[in-house]
Amino acid sequence: SRLVFHMNWRGQCLPVLLNGLPPAAEANPVAAPERANQPQPDIQRIRAVSPYAQILNGKYRVPTCIVHGDEDDLIPWEQSLRVGEALKERGVNAQVQIERGKKHLFDLFRDADGSSWAAMERAYGFLAKEIFGSAKH
């Protein structure tokens, strides 16, 4: 969890995801502040791994269901709407479910009313229909 916090709070998601962490042999407490603030990758490298850029380039054709909580404190739910619209504009079957009162990663936790599981069941139904032609599997 410390790595995830570091990536999010210090803006280091892309450097860590694209470049990885330095080898353990290079772990040096004196150099730690420098390693904690790696430079951001250039725009071409970001576009090469960006799902949204791949959608805009017409290279992403997989039917997609996005489930996003409207109380997500990490990623704006409007971003999911934009991705869903871009998919549909390119003829990709896409569905976006914005779930009221749900935070980031809400599907990992049980809730008293079962609404998180119900949201995921709707998404699985979308996928089942795409794969099997029916949501009754």
Side-chain angles (χ1 to χ4, degrees):
S1 64
R2 287 176 52 196
L3 177 61
V4 172
F5 287 137
H6 167 73
M7 290 169 59
N8 288 317
W9 290 347
R10 294 195 178 248
Q12 292 292 293
C13 287
L14 291 173
V16 170
L17 291 174
L18 295 177
N19 303 325
L21 295 171
E26 293 178 18
N28 173 350
V30 175
E34 295 166 12
R35 285 195 330 270
N37 294 302
Q38 297 293 319
Q40 296 297 316
D42 63 44
I43 194 69
Q44 292 82 11
R45 191 137 185 243
I46 294 170
R47 285 183 181 141
V49 299
S50 164
Y52 189 67
Q54 300 307 311
I55 291 165
L56 295 180
N57 290 333
K59 295 180 180 178
Y60 186 94
R61 308 291 309 156
V62 178
T64 302
C65 181
I66 301 169
V67 182
H68 203 132
D70 71 349
E71 291 184 14
D72 190 322
D73 59 348
L74 188 59
I75 300 169
W77 59 267
E78 294 89 349
Q79 186 172 327
S80 288
L81 289 178
R82 189 176 64 198
V83 169
E85 290 168 8
L87 287 164
K88 290 174 185 176
E89 287 171 4
R90 283 148 186 85
V92 177
N93 190 12
Q95 175 178 304
V96 178
Q97 295 175 198
I98 304 299
E99 299 297 325
R100 295 183 56 76
K102 302 298 182 186
K103 297 182 183 281
H104 193 74
L105 299 175
F106 73 87
D107 58 314
L108 296 181
F109 306 98
R110 284 189 176 172
D111 49 9
D113 65 0
S115 60
S116 293
W117 178 245
M120 299 316 297
E121 281 187 317
R122 288 190 299 276
Y124 292 139
F126 171 89
L127 295 174
K129 187 174 181 183
E130 285 299 316
I131 294 167
F132 304 111
S134 168
K136 298 288 183 188
H137 291 275

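FYI, the numbering just counts along the sequence from 1.
- Residues passing the side-chain contact (heavy atoms from CB on, under 4.5 Å) test with Glu78, sequence neighbours excluded: Pro76.
- In Arg82, the CZ atom is crowded: over 12 heavy atoms of neighbouring residues, nucleotides or ligands sit closer than 6.0 Å.
- Side chain of Gln12 to backbone of Leu17: no donor-acceptor contact under 3.5 angstrom is found.
- Smallest separation of non-hydrogen atoms from Cys65 and Phe126: CB-CD2, 3.4 Å.
- Nearest heavy-atom pair across Gly84 and Ala94 is O-CB, 4.2 Å.
- In this structure, the side chains of Val67 and Phe106 come closer than 4.5 Å at one or more pairs of heavy atoms.
- Formation of a donor-acceptor pair under 3.5 Å by the Gln40 side chain with backbone atoms of Gly11 is found in this model.
- Residues Leu81 and Ile55 fall within the same hydrophobic cluster, defined by Ile, Leu, Val, Met, Phe, Trp and Tyr side chains chained together at heavy-atom separations under 4.5 Å.
- Atoms OG and CD1, from Ser50 and Ile43 in turn, are 8.5 Å apart once rounded to the nearest 0.5 Å.
- Distance check: Arg61 CZ to Leu87 CG gives 9.0 Å after rounding to the nearest 0.5 Å.
- In terms of heavy atoms, Ile66 sits closest to Val83 at CD1-CG1, 3.6 Å.
- The side-chain heavy atoms of Ile75 and His104, taken from C-beta on, include a pair separated by under 4.5 Å.
- Note: Met120 CE to Ser115 OG = 12.0 Å, rounded to the nearest 0.5 Å.
- Closest approach of Gly69 and Trp77 over heavy atoms only: O-CB, 3.9 Å.
- Going from atom CG of Asp111 over to atom CH2 of Trp117 covers 12.0 Å, rounded to the nearest 0.5 Å.
- Asn93 and Glu130 share a donor-acceptor pair across their side chains, judged by distance under 3.5 Å alone.
- With sequence neighbours excluded, the residues forming a side-chain contact (heavy atoms from CB on, under 4.5 Å) with Ile46 are Leu14, Pro41, listed by chain and number.
- Cation-pi geometry between Arg90 and Tyr60 is not met at under 6.0 angstrom from the ring centre and within 45 degrees of the axis.
- Residues Gln97 and Lys102 are not in side-chain contact: their nearest non-hydrogen atoms beyond the backbone lie 4.5 Å or more apart.
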Under the side chain to side chain contact (heavy atoms under 4.5 Å, CB included) rule, what do Val96 and His68 come out as? Steps first, then yes or no, please.
-> CA-CA 8 Å; Val96 178; His68 203 132; 5.6 Å; no
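- Here the shortest heavy-atom pairing between Gln38 and Pro15 reads CB-CB, 3.7 Å.
- From Glu99, atom CD reaches atom CG of Asp72 across 12.5 Å, with rounding to the nearest 0.5 Å.
- For the atom pair NZ (Lys103) and CG (Asp73), the distance works out to 6.0 Å, reported to the nearest 0.5 Å.
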